[in-house]
Amino acid sequence: MAYKVLSNILVKDTTSTSLVTLNSAMLVVMVNKDTKNNAAFKELDKASKGYISKSISSHLKDDGSSVLLPQVVGTKAESILLVKGLKKDTPIHKWLSAYQTIAKSANKLKAKDLSIMCGNVYPAGKDENWLIEMVAKTIESNVYIFSATKNKTAKQPSLKNLVILTTGLSRANLSKAKQAAKKGFAIGEGVNTAKHLGDLPANHCTPRIIEKKVKAMKKDFPKLKIKSFNENDLEKMKMGSFLSVGRGSDEPSRMMVIEYNGGNPSDKPVALVGKGITFDTGGVSLKPPQGMDEMKWDMCGAATVFGVMSTLARLDAKVNVVGVMACAENMCSAKATKPGDVVTSMSGQTIEILNTDAEGRLVLCDALTFVGKYKPSYVIDMATLTGAVVVALGRHASGVMGNDQYLADMIVDAGEESGDRAWELPLWDEHQSCTKTDYADLANIGGGREAGTIHAAAFLSKFTNDYKWAHLDIAATASYSSPVKAGTGRPVPLLSELLLSKRLK
Ligand code: BES
Ligand code: MN
Ligand code: ZN
């Protein structure tokens with residue numbers, strides 16, 4: 001059950017497509033200094049009797065500024081949106097937001113199809129294929145509108161077809177451009193899948209509901225191998241830590257495993273492990289009521305696994321990846337785990353649960369021990385793990401920590417490349433003492449008010465000695481609360497880039 005909005009993304013070259021007769025609800029022209037010399041644009045301008053170039057000179061002042069021309073006489077498009085194109089040295093997030101705005105205005109205008117002439121300017125170090133991939137990904141993931149729990153009359157995305165217009169591409173380059181669009185579209189689909197799961201209210205997205213949706217993926221992508229473990233199975237595997245989290249809930253916990261083997265059979269898989277707390281009340285260590293609704297997004301790590309696996313399968317990617325989703329509901333009841341309770345993890349290490357609100361690390365540690373059996377080449381976990389990362393890094397970057405510098409570097413790199421950025425925090429020996437307690441091998445909290453994000457990672461590191469591992473704290477990036485509350489689908493773009501680029505060989 002992947003979640004896709006557009007039905008089609010095409011790449012066409014203006015040497016064989018006339019902008020004058022182009023039948024599109026919305027034609028977008030990114031205007032830069034070369035535009036006036038572009039033959040297709042000249043023809044369009046001529047058909048409008050110079051109205052378009054006049055509009056450019058009188059309306060487009062600042063980079064990214066735009067003017068919408070409804071039904072230009074002499075042209076077939078229902079509207080033409082002129083956008084002052086960005087420059088080589090414009091930061092990537094501004095490029096992303098320019099295309100985000102275009103997607104949103106297409107929905108606002110109820111446009112069914114959109115054609116974009118991107119122009120021949122790219123951010124420094126990038127090329128036309130990067131831009132095409134980014135346009136496809138950004139448009140697909142920004143025409144998304146959540147409506148699953150609203151009335152049938154609720155607003156739906158109008159846009160169905162996107163045409164990306166290039167200029168003067170050779171046949172070989174056009175075929176590369178089409179590949180780039182396909183890749184961007186599939187990543188956008190993965191982003192929307194993750195956004196949708198995150199945006200669903202917690203009573204519409206329990207561990208069992210997620211299990212159903214994961215099993216239904218098989219219909220879209222028969223290549224995936226899907227396994228699901230119920231509480232009895234988790235018990236048999238001795239996952240006492242994982243099970244302690246769902247103890248207070250009437251909703252049983254589930255662990256789903258999605259295997260995708262598109263690579264060489266002898267290549268070890270990369271493992272992705274996602275925190276899937278479908279609602280986090282904090283348990284007995286109850287959270288304050290303000291903003292607690294936002295804890296429905298506490299399963300975004302698991303949603304990321306879902307999204308990335310659908311992207312890989314959609315693209316028939318030549319990689320081996322195993323995704324694990326550790327799903328539980330953290331509630332407060334007479335059966336709930338209490339502060340001071342000691343549980344035994346699958347690794348054999350006992351854990352004193354000093355704070356039931358530090359539950360993410362309790363499900364993750366057992367899932368991390370579990371993936372060891374795949375002998376993975378690398379393991380990456382994604383988790384909305386700490387409020388502290390919001391304070392440390394703000395909403396623009398996910399936090400990266402781990403035990404392998406190459407892996408951490410590749411993650412930061414893929415974040416830069418995809419515009420879904422991450423930043424490394426240290427995880428040193430000195431941070432390891434935070435898990436000390438007199439009553440078990442480990443405590444699930446420590447360090448007081450200091451470095452909460454790093455101390456959470458230090459806890460996880462006690463379970464990842466057997467492989468190369470990185471942890472992504474996505475508490476600040478997977479959703480935001482202003483100006484509106486919404487999931488972002490991050491870090492699907494980062495991880496898709498990382499896995500598809502084969503940086504991890
Ligand atoms: N799910 C929360 C972290 C979180 C906070 C995510 C804000 C998104 C926005 C996590 O389970 C949690 O409660 N962490 C505690 C850890 C503490 C008890 C050591 C926190 O950050 O306060
Ligand atoms: Mn919590
Ligand atoms: Zn949580």
Side-chain angles (χ1 to χ4, degrees), residues 194 198-199 202 205 207 241-242 244-249 251 253 273-304 325-332 336-341 351-365 367 381-395 397-399 401 425 431 434-437 442-460 471-482 485-488 490-491:
D199 288 349
C205 191
S241 181
F242 190 146
S244 74
V245 174
R247 199 71 76 202
S249 171
E251 286 295 336
S253 304
V273 178
K275 169 178 173 181
I277 301 301
T278 58
F279 196 77
D280 181 12
T281 64
V284 172
S285 315
L286 195 63
K287 284 187 180 295
Q290 203 187 5
M292 207 207 271
D293 61 297
E294 289 172 41
M295 286 303 122
K296 72 173 182 176
W297 280 289
D298 210 19
M299 33 56 73
C300 281
T304 296
M325 302 162 72
C327 299
E329 190 183 60
N330 188 21
M331 297 294 284
C332 188
T337 298
K338 303 166 293 296
D341 284 0
I351 302 165
E352 185 186 20
I353 299 172
L354 287 171
N355 188 323
T356 62
D357 198 12
E359 84 297 339
R361 60 198 83 180
L362 296 174
V363 297
L364 286 172
C365 69
D381 79 74
M382 295 75 62
T384 46
L385 206 60
T386 65
V389 79
V390 188
V391 179
L393 293 178
R395 65 160 73 166
S398 303
M401 288 138 282
L425 298 172
H431 295 119
C434 65
T435 56
K436 280 220 166 81
T437 166
L442 301 168
N444 79 327
I445 54 161
R449 291 170 53 81
E450 290 178 18
T453 303
I454 298 172
H455 289 145
F459 177 89
L460 296 177
H471 158 63
L472 276 170
D473 195 330
I474 58 170
T477 50
S479 66
Y480 46 77
S481 49
S482 74
K485 290 181 183 182
T488 61
R490 293 177 67 181

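Counting starts at 1 for both ligands and their atoms, following the listed order. The residues of the chain are indexed from 1 along the displayed sequence. This is a predicted model, so every value here is computed, not measured.
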Identify the protein heavy atom lying closest to [atom], giving its residue, its atom name and the separation to 0.1 Å.
atom: atom 2 (C) of ligand 1; result: D280 OD2, 3.6 Å
atom: atom 1 (N) of ligand 1; result: D298 OD1, 2.8 Å
atom: atom 7 (C) of ligand 1; result: M295 CE, 3.7 Å
atom: atom 20 (C) of ligand 1; result: G387 N, 3.9 Å
atom: atom 10 (C) of ligand 1; result: L385 O, 3.3 Å
atom: atom 12 (C) of ligand 1; result: D357 O, 3.2 Å
atom: atom 6 (C) of ligand 1; result: A475 CB, 3.6 Å

Quick check on contacts: which atoms of ligand 1 are under 4.0 angstrom from a heavy atom of [X]?
X: R361; answer: 16 (C), 19 (C)
X: K275; answer: 1 (N), 10 (C), 11 (O)
X: T384; answer: 1 (N), 2 (C), 3 (C), 6 (C)
X: I445; answer: 19 (C)
X: E359; answer: 11 (O)

Hydrogens and angles aside, do D473 and T386 bring a side-chain donor and acceptor to less than 3.5 Å of each other? yes
Do T337 and T356 pair up side chain to side chain, a donor and an acceptor below 3.5 Å, judged on atom types alone? no
Which atom names give the shortest non-hydrogen contact between [X] and [Y], and what distance separates them?
X: N444; Y: A358; answer: ND2-O, 3.1 Å
X: L385; Y: R361; answer: CD1-N, 3.6 Å
X: C205; Y: M299; answer: SG-CE, 4.2 Å

Look at D298 together with K275 and state whether they make a salt bridge at an N to O cut-off of under 4.0 Å. yes
Side chains of K485 and D293, heavy atoms from C-beta outward: is any pair under 4.5 Å? yes
Would N355 count as being in polar contact with ligand 1, using the rule that some N or O on each side must be under 3.5 angstrom apart? no
So for E294, does at least one of its heavy atoms come nearer than 4.0 angstrom to any atom of ligand 1? no
Restricting to N, O or S atoms, which atom of E359 is closest to the Mn ion (ligand 2)? OE1
Output field for angle at the Mn ion (ligand 2), D357.OD1 vs D280.OD2, rounded to 10°, should show 100°
Distance filter < 2.8 Å from the Zn ion (ligand 3), protein N/O/S hits 4
